[in-house]
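Naming convention: chains lettered A, B, ... in sequence-line order (proteins, then strands); numbering from 1 in each chain.
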Amino acid sequence: MNAKELIARRVAQEIKTGMLVNLGIGLPSLVANYVAVDRGVFFQAENGVIGLGARPPEGMEDPHLTDAGGGFVSAVPGAASIDSAMSFGLIRGGHLDMTVLGGLQVDESGHLANWKVPGKMVPGMGGAMDLVSGALMVVVAMQHTAKGAPKIVPECTLPLTAVRRVDLVVTDLAVIEPSPEGLILRERAPGVSVDDVCKATSATLLIDGDVPEMQLEPTS
Amino acid sequence: MNAKELIARRVAQEIKTGMLVNLGIGLPSLVANYVAVDRGVFFQAENGVIGLGARPPEGMEDPHLTDAGGGFVSAVPGAASIDSAMSFGLIRGGHLDMTVLGGLQVDESGHLANWKVPGKMVPGMGGAMDLVSGALMVVVAMQHTAKGAPKIVPECTLPLTAVRRVDLVVTDLAVIEPSPEGLILRERAPGVSVDDVCKATSATLLIDGDVPEMQLEPTS
Amino acid sequence: MKGAISPAAAAELIDDGSSLLIGGFMGVGTPERLIDALVASGKSNLTVIANDTAMPGRGIGKLITAGLVSRVIASHIGLNPETQSGMISGEIDVELVPQGTLVERIRAAGMGLGGVLTATGIGTEVEEGKQTIEIDGQLFLVETPIKADFALISAWQADYVGNLSYLLTAHNFNPIMALAGKTVIAEPGSIVPVGVITPDAVKTPGVLVDHLLVRAS
Amino acid sequence: MKGAISPAAAAELIDDGSSLLIGGFMGVGTPERLIDALVASGKSNLTVIANDTAMPGRGIGKLITAGLVSRVIASHIGLNPETQSGMISGEIDVELVPQGTLVERIRAAGMGLGGVLTATGIGTEVEEGKQTIEIDGQLFLVETPIKADFALISAWQADYVGNLSYLLTAHNFNPIMALAGKTVIAEPGSIVPVGVITPDAVKTPGVLVDHLLVRAS
């Protein structure tokens, strides 16, 4: 299992029956692959559909139905088209149960930075600021380090996406829960020690007793 | 011709081809009877349709299609259903070319009062405050007096509907245009003298030269 | 969505003293069977937020006649003399809100806005007690969100996952109120299989709807 | 509505220096033929307000490549390196706005609100230079309306009076932008007789639309 699959499978475990879930483009979008169709979960594509489905059969792609990255998708039975005002109304209004986003940095306050590297890369925040401010549960899905440098840091040096504390950070090394007291190390990846996690993290991690290994359900 | 028909026919002359027009319930709703169907005018019912039409053939009334007073109506070809947010978005947003409302008082500032008689009658403002604040042209259609008492007064004693100056007042006696300088008497009803109008008005009317008689087009 | 419930079961969910957003305009597009069930269950001390209180014997008017309502937030009560007399006698606390402001305040609650700025009501009684703000030299009222414990919605069709569509002037406040109730109960004219309401025809996504009423027998 | 016009005739309506609301999301639901006509006409110094600037060779990306755009208001420019380099070199003035805030600011302009209050952006760079307001102890940004000289809209169907319908994720910003352009030009996939789009399927009432583009030949 590669790092991305590990992260996606672990995040998928957080998704409960009947939830409305927004998946960011890139790594987070892989999470849908590990959520059984019969769980009644609706995925929202912020560009305009509730009930995002897998890529359509070959030759049946239609430019009027894409995900937020512009890739061809399908819609599940019971899907609804929404315009951008409704889409973000659902996000800001507390109707979105969970969002899964990528991250550049997460810090000890649980703050996320994921939209700008000053002077280098300014993609823009897209929907991220609304998603982090408004979703009932915010999960950051990212590699634990970038080119060896820790992404979980004492305090974000990059511009913040929001001042809301994210709820969970899932990486290829660990599951970390930001809390008012700091970052709690909840789980470690299979074959990874607590020491390994701490070495790849420049933030202080709170460790209370034995830290269990991620239990990944078999894929269906 | 009775007073209401006179008023409605004179107001109808203000409606130009292609306009979007809101007619209040009661007297203003009669205006539609004098606007030729081929003029491409769309009437908005603030409760939810653009393209309000006449009462449907007997037995074809449907409770899902009514005007703002709850009366059965039809919809013209090209009609659009709108919810209350869109309906008032059009009104506030400068998309409504004209509104025709009833009035309790209009004063020398061109202010309208039409939603409350303290201690006696409190129907509520409904859509009137948005209509008067937002419509591009506000026409007040009302009897010149109420039980002999002038309704066009120096200063409204009833609670105001808005502080926007209305554009035109059409009564059974006169057409009056509120302006920054005051109320200009533009026309008098057939057979009514300037003196008759002034006697029925407690506000000062500005009279510049000869005041013509209303020219009512023959009904089609 | 775990199957539709009866009007009586829906009324059971609603406690005395609850606040209710109720769709409809002069009784058109109002969930009549839900209201009948509320009257039958004798709930008391309800707050009703709606465009109007219809007329005696119809829609919200039935709740007023039954004396179940202690507070009304509406734009118009002119066709219901019982609401007006209740207001004057002090039995019903009535807050009058311009219609366009009312729908935006409900939308703001449902869509997670802290409020909206409108010129409607400036210089009138509506301004009293409200914050104003100047934007580019123009004065606006700061109008705050209105949410409620329940939204009671009337729809034309529902499908098995709760997607809703509406018909003509029976839309009115319903699609907006469906955003702003903590619990949303919809009374559809019919309940159809998933797919009958196409994605583009859905006006209220099923994820917003907590309960559907069974079809009228 | 006095008949549909050609893309070239539509482009003629637009002066150098105009501000344009342009529908679409990563090029999906963008009026491509209108954009091609703008590129062909060599308009300059345009302000583009859109969710994003797509990518080079597609939708708004073509306007960027052609150097017609001096100002961009968008939520995301990450897939268009030309917009990013133009921003860094100073050739293009880029204002980044959170997507949910962007659509509400456009809606506010179109619907005559003085602005909206949102918590999105509080405590971030987005807050800089903006007014804040406290409502019930929570801090919100005051976000002001964004309107434009033109709204360039992509639709699925139009009828002869300009009513518009949209398909699936090609809705995006289009129905909201149709409210906020001084002049609204819509590029429909097809133009059908009045009545083909039923009143309940109309998402943009024809009264908002000033010009329709002729069908692609």
Answer key: most heavy-atom pairs under 4.5 Å with chain B among C:N80, C:T120, C:L167 is C:T120
Rounded to the nearest 0.5 angstrom, the CZ-OG distance for C:F173 and B:S87 is 9.0 Å
Okay, C:L79 and chain B: the region with an atom under 4.5 Å from a heavy atom over there is side chain
Pair count under 4.5 Å, heavy atoms only, with chain C: among B:G48, B:G126, B:G124, highest is B:G126
Nearest heavy-atom approach of B:S133 to C:A119 is OG-O, 4.4 Å
* To do: Could you check if a side-chain atom of C:M26 sits within less than 4.5 angstrom of a side-chain atom of B:N47, using non-hydrogen atoms only?
  => no
Discussion item. Is it the case that the side chain of C:T169 and the backbone of B:T66 share a donor-acceptor pair, with hydrogens and angles ignored and the cut-off at 3.5 Å?
Written reply: yes
Can you confirm whether more than 12 heavy atoms, excluding those of B:D208, are under 6.0 Å from its CG atom? no
Okay, C:V94 and chain B: the region with an atom under 4.5 Å from a heavy atom over there is neither
Using a cut-off of 6.0 Å, state whether more than 12 heavy atoms not belonging to C:K62 lie near its atom NZ. yes
inquiry  = Is it the case that atom NZ in B:K4 sees more than 12 heavy atoms from other parts of the structure closer than 6.0 Å?
reply    = no
Handout entry: Side-chain (C:R107) to main-chain (B:A85) donor-acceptor, under 3.5 angstrom
Key = no
The interface call for C:I176 against chain B, heavy-atom contacts under 4.5 Å, is side chain
Rounding to 0.5 Å, atoms CD1 (C:I88) and NZ (B:K120) come to a distance of 11.5 Å
- prompt: Any side-chain heavy atom of C:E104 within less than 4.5 Å of one from B:R92?
  reply: yes
Taking C-beta and beyond as the side chain, do C:Q99 and B:M129 meet within less than 4.5 Å on heavy atoms?
no
Among residues 77-84 of chain B, those lying within the under-4.5 Å heavy-atom range of chain C are B:S81, B:I82, B:D83, B:S84
Residue from C:L102, C:L96, C:V126 scoring the most non-hydrogen pairs under 4.5 Å with chain B is C:L96
Check: Do C:T101 and B:F88 have side-chain heavy atoms sitting under 4.5 Å apart?
Finding: no
For this session: Check whether more than 12 heavy atoms from other residues, nucleotides or ligands sit under 6.0 Å from atom CD of C:E127, and answer yes or no.
Result: yes
Honestly, the part of B:A68 sitting under 4.5 Å from a heavy atom of chain C is both
Honestly, the part of C:P98 sitting under 4.5 Å from a heavy atom of chain B is both
### Message
When you compare the side chain of B:H64 with that of C:V28, does any pair of heavy atoms fall below 4.5 Å?
### Response
no
Turns out that what part of C:M55 lies under 4.5 Å from chain B's heavy atoms comes down to neither
Okay, B:L160 and chain C: the region with an atom under 4.5 Å from a heavy atom over there is both
Rounded to the nearest 0.5 angstrom, the CG-CD distance for C:N51 and B:E46 is 8.0 Å
